[in-house]
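Have a look at the structure below before the remarks.
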There are 2 protein chains.
Amino acid sequence: MQATAPTLMQDCSDCPIRHRAVCARCESDELERLEQIKYYRSFEAGQTVVWAGDKMDFVGSVVSGIASLTQTMEDGRTQMVGLLLPSDFVGRPGREGAAYDVVATTDIVMCCFRKKPFESLMERTPHIAHRLLEMTLDELDAAREWMLVLGRKTAREKIASLLSIIARRDATLNATANSGEVVFDLPLTREAMADYLGLTLETVSRQISALKRDGVIHLEGKRHVTVPSVRRLIEEAGDDSDGGFLV
Amino acid sequence: MQATAPTLMQDCSDCPIRHRAVCARCESDELERLEQIKYYRSFEAGQTVVWAGDKMDFVGSVVSGIASLTQTMEDGRTQMVGLLLPSDFVGRPGREGAAYDVVATTDIVMCCFRKKPFESLMERTPHIAHRLLEMTLDELDAAREWMLVLGRKTAREKIASLLSIIARRDATLNATANSGEVVFDLPLTREAMADYLGLTLETVSRQISALKRDGVIHLEGKRHVTVPSVRRLIEEAGDDSDGGFLV
DNA sequence: TCCAAACCTTGATCTGGGTCAAAGAAACGG
DNA sequence: CCGTTTCTTTGACCCAGATCAAGGTTTGGA
């Protein structure tokens, strides 16, 4: 669905880096310089963007589609450690290799900058460094919140937490925030959800069935979800911290 | 043990902010400005430095002792989301409230800067912003690595992972990196370890006993640990990523 | 020196979620 | 339109770790 063809946008007025990483406070000549070093890449669902440990010579943000950050043990156990939705930034200025695999979950288009020029631009443009610090702090908060999910929540709460996050992101993007009902398409397979939640795919499937049975969500097909009451969903997630969303 | 009395160091030559946050690349007049806005605070074991959600009007780093970052659910389940060892930085420039409780695990002394002046110093001093970005990226990496521990490792592997981290930090600080044997004092109670690892304290106790029985570690009293072979410990942690340590 | 409060260990038992297995849906290429 | 592949659901059973319970050990104050 997010599988936008790799249309090379020429003007990039909707390029997320513009309003998220570089942001409002930028001078127009800074934007100009960014435009000059910008390029697009696209990947098909399942493709690996970078492997953990490999040199990552670019930074960028997701334009369309969904990518995931994944850590793997030798014996094959994997844990997804982050989800990149459209407009999310990935990259580690000042750091060499990738710390985790970046994998395209759906077909994706990314807006990239080669690292060297981006870094030197950062040197000259405090606003960019500043904005990146803010974004990184936010990611750190999100990661730490997720640690609570992984360490202490039950399977049912985990599923509800994930659905809350997706619902929130989706509602923000689509401004569907009305009656408390939210509708969206799950961008992840049951297996990907399991990897994100530290569960098995069977447990994910069972708990989704249970939430459906209990009327917390409604499913059409495997992926199309209707949440009649977001408040109820957030209660199921056992959560404080999802606060701020629709309350 | 880390319970240094709140000796107000006048010259601060060993103040961690100097070499970690502000770092080598700073000009001496930047250091000068930092000195001017610096102050010390100390807390007793068990005291809460800030509550989640409260306004946090300072940033700082730990001089001595250990603090922990903790998230709590309404029903009392808690998850430790970070550990602050001496020289670690805490604070969120550009962000208002704390995202988690900061609690003194042992008696601690912190070196602080009021946020406002620190932020305005940051504006004028790109190196500081830059260093903070690097530190935050490192913390994010650590948090994501920990997500793998929480989501996918067994209780035994979790314990071994935690011991590896403490051993590594301790070895780095004390330069004990010799024969592969490392000796240190556990700075955490069994309960605190459980909160960090997403386990119960009983399970922690049992697994520590098991590691002792299997000769992976040796215990003297409840807290004094000898690790005869760090390599072995890292194997028990099931880990790749602890690489770089003593190999 | 003794008592009380923290901490820690160990045992018995229970259970949420994992594992193994089989069979439905959807999607897809030919 | 059909066979194959990929994804999902559901069932039966099992086990790692939680829970409940009871003692030990250490620390510290009076």
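The shown structure was predicted, so the numbers you read here are calculated from the model rather than taken from an experiment. Throughout, a chain's letter reflects where its sequence line sits, starting with A, and its residues are numbered from 1.
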**Message:** Without decimals, in angstroms, what is the distance between A/R152 CZ and D/dT19 C1'?
**Reply:** 13 Å
**Request:** For B/S209, report the nucleic acid contact type (base, sugar-phosphate, nothing); a contact means any heavy atom under 4.0 Å.
**Result:** sugar-phosphate
**Message:** Determine whether a donor-acceptor pair (one donor, one acceptor, N or O, separation below 3.5 Å) exists between the side chain of A/R206 and the base of C/dT19.
**Reply:** yes
**Prompt:** Judged by modelled atom types alone, do B/T48 and B/D101 share a side-chain donor-acceptor pair under 3.5 Å?
**Reply:** no
**Request:** Output yes when at least one side-chain N/O atom of A/T203 is less than 4.0 Å from OP1 or OP2 of C/dG18, else no.
**Result:** yes
**Item:** Check: C/dC20 base within 3.5 Å donor-acceptor of A/E202 side chain
**Value:** yes
**Message:** Mind checking if B/G46 touches a base, just sugar-phosphate, or nothing, with heavy atoms under 4.0 Å?
**Reply:** nothing
**Message:** Using a strict threshold of under 4.0 Å (side-chain N to carboxylate O), is an ion pair present between B/E235 and B/R231?
**Reply:** no
**Asked** Across the strands shown, which category fits A/S205 at heavy-atom distances under 4.0 angstrom: base, sugar-phosphate, nothing?
**Response** base
**Request:** Please determine if B/D75 and B/R77 form a salt bridge, counting it only when a charged side-chain N lies under 4.0 Å from a carboxylate O.
**Result:** yes
**Asked** Which part of the nucleic acid does A/L199 contact within heavy-atom distance under 4.0 Å: base, sugar-phosphate only, or nothing?
**Response** sugar-phosphate
**Message:** Measuring to OP1 and OP2 of D/dT26, would you say a side-chain N or O of B/R223 lies under 4.0 angstrom away?
**Reply:** no
**Prompt:** Counting just side-chain N and O atoms, does B/T189 come under 4.0 Å of either OP1 or OP2 of C/dC7?
**Reply:** no
